[in-house]
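A, B, ... follow the sequence lines: proteins, then strands. Residue 1 opens every chain. Values below: all heavy atoms of this structure, side chains included; hydrogens, waters and symmetry mates excluded. Everything quoted here is computed from the prediction, not taken from an experiment.
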Amino acid sequence: MATDSLLLQLFATLLDCYGNRHWWPGETPFEVCVGAILTQNTNWGNVEKAIANLKAADCLSITGIAACPPHELAALIRPAGYFNIKADRLQSFVRFLNVSHQGSLEQLFEIPWQKARYELLAVRGIGPETADSILLYAGGKPSFVVDAYTRRIFSRLGLVPEQISYDGLQQLFMQHLPLDVDLFNEYHALLVELGKQVCRPHPRCPACCLQKQCSFGNIKLEQSASE
DNA sequence: GGCCAGGACACCA
DNA sequence: TGGTGTCATGGC
């Protein structure tokens with residue numbers, strides 16, 4: 001099967017199984033950006049608590065985070081873990097917006113998204129997954145988000161090597177799927193849902209659970225991406 | 001009480 | 001360039 005149709009078939013199977021996930025949770029694009037930074041290696045439930053604290057303190061804005069003393073910001077986002085590091089990362093992000101885009105998230109999203117991605121990656125604390133999450137879910141740009149679940153799922157399906165790079169796996173999707181924001185949005189959300197359901201870090205994943213417990217309709221699990 | 005979660009970065013060989 | 005340690009809370 002061609003990789004294009006395999007990826008689309010997997011998407012259809014997951015969509016049928018889990019339904020529309022309505023991602024990303026967040027009332028505004030800026031809240032999505034904050035969530036993308038706070039959720040780094042962290043359970044989303046803890047992120048929600050941190051965001052609630054920011055809202056209660058009236059700090060969930062570019063000016064609010066910029067003006068908040070670092071130790072106070074860290075205290076507000078404490079439930080999200082790594083609070084000292086993430087406080088610094090949030091302030092680096094808003095500093096970038098203020099210096100490079102006149103404090104406007106909209107202005108960032110007006111430039112070509114590839115350039116915006118390059119700029120985001122230069123911000124301290126924003127790596128490829130966070131940058132792509134910001135671009136896709138806050139900016140509505142067709143930049144596919146790859147995360148630990150995506151790598152785990154696709155390597156255990158035998159579609160990619162386990163050690164594939166972020167860019168390598170991202171290219172698999174972006175070269176074989178239409179550059180469709182809604183498709184990328186839903187696809188990543190569905191992969192996360194699947195990962196939460198069945199995919200634990202190897203080797204704790206029971207007998208590589210994906211291969212034993214998930215059939216994905218009529219998709220052959222051992223199928224090679226090159227076929 | 002241990003494991004894990006929607007990463008990123010500094011440091012070292 | 002790749003591997004490893006560090007950052008940290010809260011739920012199960």
Side-chain angles (χ1 to χ4, degrees), chain A residues 11 14 18 20-26 29-54 56 70-96 117-139 141 143-156 161-170 173 181 184-206 208-210:
Chain A
F11 173 75
L14 293 174
Y18 296 120
N20 193 299
R21 307 312 301 160
H22 302 292
W23 266 32
W24 179 298
F30 183 70
E31 184 176 327
V32 171
C33 296
V34 170
I37 292 171
L38 293 181
T39 199
Q40 292 170 355
N41 205 33
T42 299
N43 182 289
W44 181 257
N46 292 348
V47 174
E48 288 182 321
K49 293 173 186 171
I51 288 177
N53 288 345
L54 289 172
H71 67 280
E72 289 184 19
L73 183 58
L76 290 172
I77 64 171
R78 187 181 183 90
Y82 307 118
F83 46 85
N84 289 318
I85 287 177
K86 288 176 180 176
D88 182 60
R89 290 178 181 177
L90 286 175
Q91 295 203 306
S92 294
F93 176 61
V94 298
R95 194 177 308 122
F96 155 71
R117 185 176 193 270
Y118 183 81
E119 291 187 5
L120 283 168
L121 289 175
V123 177
R124 181 182 182 82
I126 294 185
E129 182 183 339
T130 306
D132 291 328
S133 295
I134 289 172
L135 288 168
L136 180 64
Y137 291 104
K141 308 300 178 185
S143 194
F144 198 92
V145 179
V146 171
D147 62 7
Y149 286 137
T150 312
R151 179 176 287 106
R152 225 176 274 163
I153 290 167
F154 273 72
S155 67
R156 290 184 200 170
E162 192 170 353
Q163 301 304 322
I164 189 171
S165 68
Y166 184 97
D167 290 342
L169 188 49
Q170 185 187 46
F173 288 94
V181 172
F184 285 6
N185 180 320
E186 197 57 46
Y187 211 142
H188 174 235
L190 287 166
L191 286 172
V192 171
E193 187 60 32
L194 172 64
K196 284 180 178 176
Q197 299 284 336
V198 301
C199 193
R200 295 176 189 160
H202 187 82
R204 291 184 178 80
C205 175
C208 263
C209 55
L210 256 170

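- Pairing each heavy atom of A/Pro70 with each of A/Gln91, the nearest pair is CG-OE1, 3.6 Å.
- Whole-Å rounding puts the A/Lys86 NZ to B/dG7 P distance at 9 Å.
- Put simply, the side chain of A/Asn185 gets close to the backbone of A/Trp23: a donor and an acceptor are under 3.5 Å apart.
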CA sep, side-chain torsions, deciding dist, call: A/Glu193, A/Tyr149, side-chain contact (heavy atoms from CB on, under 4.5 Å): CA-CA 9 Å; A/Glu193 187 60 32; A/Tyr149 286 137; over 6 Å; no

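- Of the residues in residues 70-80 of chain A, those with a non-hydrogen atom less than 4.0 angstrom from any atom of DNA chain C are A/Arg78, A/Pro79.
- Straight-line distance from the CG atom of A/Asp88 to the C1' atom of C/dA8: 16 Å, rounded to whole Å.
- At whole-Å resolution of the value, CD in A/Gln40 and P in C/dG10 are 18 Å apart.
- At the heavy-atom level, A/Ile37 lies nowhere under 4.0 Å from the strands shown.
- Across all non-hydrogen atoms, the minimal contact from A/Ala50 to A/Ala80 is CB-CB, 3.9 Å.
- When rounded to the nearest whole Å, the span between CG of A/Asp147 and P of B/dA8 equals 10 Å.
- When the side-chain nitrogen and oxygen atoms of A/Thr42 are compared with OP1 and OP2 of C/dG10, none of them lie within a distance under 4.0 Å.
- With sequence neighbours excluded, the residues satisfying ring pair (Phe, Tyr, Trp, His ring centres under 6.0 Å) with A/Phe96 are A/His101.
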Could you pull out the protein-nucleic contacts involving nucleotides 10-13 of chain B (nitrogen or oxygen on both sides, under 3.5 Å)?
{"unit_1": "B/dA10", "atom_1": "OP1", "unit_2": "A/Arg124", "atom_2": "NH1", "d": "3.2"}

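- Taking atom C1' on both C/dG3 and B/dA5, the two are 22 Å apart, rounded to the nearest angstrom.
- If you find the closest nucleotide of DNA chain B to A/Gly125 and to A/Ser133, the one lying nearer the 5' end belongs to A/Ser133.
- Here the side chain of A/Asp132 pairs no donor or acceptor atom with the backbone of A/Val145 at under 3.5 angstrom.
- Between the side chain of A/Ser155 and the backbone N or O of A/Arg152, at least one donor-acceptor pair lies under 3.5 Å.
- Across the protein-nucleic acid pair, A/Trp44 atom CH2 and C/dA8 atom C1' stand 18 Å apart, rounded to whole Å.
- Distance A/Asn43 CG to B/dC3 P: 18 Å, rounded to the nearest Å.
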Worked verdict on A/Leu38 versus A/Leu90 for side-chain contact (heavy atoms from CB on, under 4.5 Å): CA-CA 8 Å; A/Leu38 293 181; A/Leu90 286 175; 4.0 Å; yes

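- For the pair A/Ile134 CD1 and B/dA8 C1', the interatomic distance rounds to 13 Å; values are reported in whole Å.
- Residues satisfying the salt bridge (charged side-chain N to carboxylate O under 4.0 Å, His left out) criterion with A/Arg89, sequence neighbours excluded, are absent altogether.
- C/dC12 and B/dG7 are spaced 22 Å apart, taking the C1' atom of each and rounding to whole Å.
- Within 4.0 Å (heavy atoms only), A/Val123 reaches sugar-phosphate atoms of the nucleic acid but no base atom.
- Sequence neighbours left out, not one pair with a member in residues 33-43 of chain A passes salt bridge (charged side-chain N to carboxylate O under 4.0 Å, His left out).
- Atom P of C/dA8 sits at a distance of 16 Å from the matching atom of B/dC11, rounded to the whole Å.
- The nearest heavy atom of DNA chain B to A/Pro128 and to A/Asn46 marks one nucleotide each, and the one closer to the 5' end goes with A/Asn46.
- The minimum heavy-atom distance linking A/Ser143 with A/Gln170 is given by the pair OG-NE2, 3.6 Å.
- Ring orientation note: the planes of A/Tyr137 and A/His188 are tilted relative to one another, at an angle of 30° to 60°.
- Side-chain N/O atoms of A/Lys49 include one lying less than 4.0 angstrom from OP1 or OP2 on C/dG11.
- Rounded to an integer number of Å, the gap from NZ of A/Lys196 to P of C/dC12 is 12 Å.
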Annotated protein contacts, base or backbone, on nucleotides 2-7 of chain C with a non-hydrogen cut-off under 4.0 Å, one of B, S, - each: -----B

